[in-house]
Peer 1: 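Please find one structure pasted underneath; my questions will follow.
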Amino acid sequence: MGSWCPCREQAYSFKYPSHLEWVSRVRVNHQAVLRRAQQIQGRKQGKNQWQAAWLLRAVTCIDLTTLAGDDTPSNVHRLCMKAMQPIRHDLLESMDMQDKGITTAAVCVYPARVTDAVKSLKLANFSLPVASVATGFPAGQTAMKTRLEEVRMAVEDGATEVDIVINRMLALTGQWEALYQEIRQFREACGEAHMKTIMAVGELGNFTNVYKASLVAMMAGSDFIKTSTGKESVNATFPVAIVMVRAIRNFFLRTGHKVGFKPAGGIRTAKDSLVWLTLMKEELGDEWLNPSLFRLGASTLLADIERQIYHYVTGRYAAYHELPLA
Ligand SMILES: O=C[C@H](O)COP(=O)(O)O
């Protein structure tokens with residue numbers, strides 16, 4: 001994940017007006033999207049060891065997140081400790097998975113907390129990506145200069161991944177070229193850091209706008225496209241994910257460039273995490289089932305996954321004190 005990807009240059013080589021023409025031709029069939037999402041949600045999930053294995057896979061794709069006004073160095077420290085050892089050691093031992101290096105994919109925090117996360121991981125002598133939200137998260141309603149400075153500072157403080165929010169006003173008023181130019185500037189400000197571009201889908205009005213914004217974000221060099229900040233009233237939904245992963249698929253078919261997908265916001269149950277994995281497998285294939293191309297942005301999901309794994313191993317559900325860090 002850390003090194004500069006030459007494929008990005010390929011994305012950059014797309015230039016207007018061909019960009020714009022592609023974007024303007026987009027139309028999304030709303031009913032077909034809803035039908036496909038329902039179909040995926042209705043799939044039967046595996047049981048027992050199959051389910052446990054998929055849940056562990058989900059753990060390795062989580063961006064373990066805290067984005068609260070009362071975040072402090074100590075709760076960021078706890079978050080990092082949990083990210084390093086997301087499932088209790090004895091549970092992993094029972095599954096013979098203790099030596100597999102299972103961690104979450106990253107920790108994700110506000111820009112002001114990046115140094116806390118970097119420090120905690122360094123003190124533990126542990127290497128795990130630190131992601132920072134940026135660009136006036138969650139609304140993106142600050143001056144461009146401020147948004148760019150925020151990206152640069154997060155990277156300077158040690159973030160190796162930056163989750164930027166798009167300017168919804170530009171998408172809602174159809175200013176796709178201006179949106180492209182803004183995201184390109186964020187891309188440059190990120191330098192070597194990976195950029196995940198948050199669409200805030202709950203505020204984009206319709207699926208066609210979601211598809212267009214996703215295309216523009218990918219053309220501008222995003223490593224991932226992400227559904228939501230977790231702060232909108234509608235966040236990651238399966239229908240919207242279908243729209244975004246189809247954009248990823250078409251972008252790949254046209255450019256050969258693989259962009260990752262990160263649903264985020266309101267993902268709380270182990271069962272949901274299995275549906276997300278099914279969606280990725282069916283829509284984009286096995287290659288998109290690992291943290292280099294798939295992340296789950298979530299603050300509380302891990303607790304439910306650990307509870308389900310506890311149940312798989314012991315045959316009963318844990319009391320809260322039995323999974324104290326969850
Ligand atoms: O990017 C991650 C989201 O902000 C987390 O949202 P959540 O607290 O609903 O899990």
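The shown structure was predicted, so the numbers you read here are calculated from the model rather than taken from an experiment. Values reported hereafter were calculated over all heavy atoms of this structure, with side chains retained and with hydrogens, waters and symmetry mates removed. Just so you know, ligand 1 is whichever comes first in the structure, and atom 1 is the first atom listed for that ligand.
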Peer 1: Distance to the ring centre below 6.0 angstrom and angle to the axis at most 45 degrees; does that hold for Arg295 and Phe224?
Peer 2: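 Pair Arg295/Phe224 counts as cation-pi.
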
Peer 1: Would a distance-only check, ignoring hydrogens and angles, find a side-chain to backbone donor-acceptor pair under 3.5 Å from Arg57 to Leu277?
Peer 2: no

Peer 1: Using the salt bridge (Lys or Arg N to Asp or Glu O under 4.0 Å) criterion, which residues pair with Glu283? Sequence neighbours excluded.
Peer 2: Arg36, Arg246, Arg249

Peer 1: Between ligand 1 and the protein, tabulate every N or O atom pair separated by less than 3.5 Å, reporting distance only.
Peer 2:
{"from": "ligand 1", "atom 1": "1 (O)", "to": "Lys226", "atom 2": "NZ", "distance (Å)": "3.0"}
{"from": "ligand 1", "atom 1": "4 (O)", "to": "Thr229", "atom 2": "O", "distance (Å)": "2.6"}
{"from": "ligand 1", "atom 1": "8 (O)", "to": "Ser299", "atom 2": "OG", "distance (Å)": "2.5"}
{"from": "ligand 1", "atom 1": "9 (O)", "to": "Gly266", "atom 2": "N", "distance (Å)": "2.8"}
{"from": "ligand 1", "atom 1": "9 (O)", "to": "Arg268", "atom 2": "NH1", "distance (Å)": "3.2"}
{"from": "ligand 1", "atom 1": "10 (O)", "to": "Ser299", "atom 2": "N", "distance (Å)": "2.9"}
{"from": "ligand 1", "atom 1": "10 (O)", "to": "Ser299", "atom 2": "OG", "distance (Å)": "3.2"}

Peer 1: Are any of the side-chain heavy atoms of Tyr312 and Gln51 separated by less than 4.5 Å?
Peer 2: no

Peer 1: Do Tyr317 and Ile87 sit in the same hydrophobic cluster, where Ile, Leu, Val, Met, Phe, Trp and Tyr count as joined when their side-chain heavy atoms come under 4.5 Å apart?
Peer 2: no

Peer 1: I'd like to know whether the aromatic ring centres of Phe294 and Trp276 sit less than 6.0 Å apart in this structure.
Peer 2: no

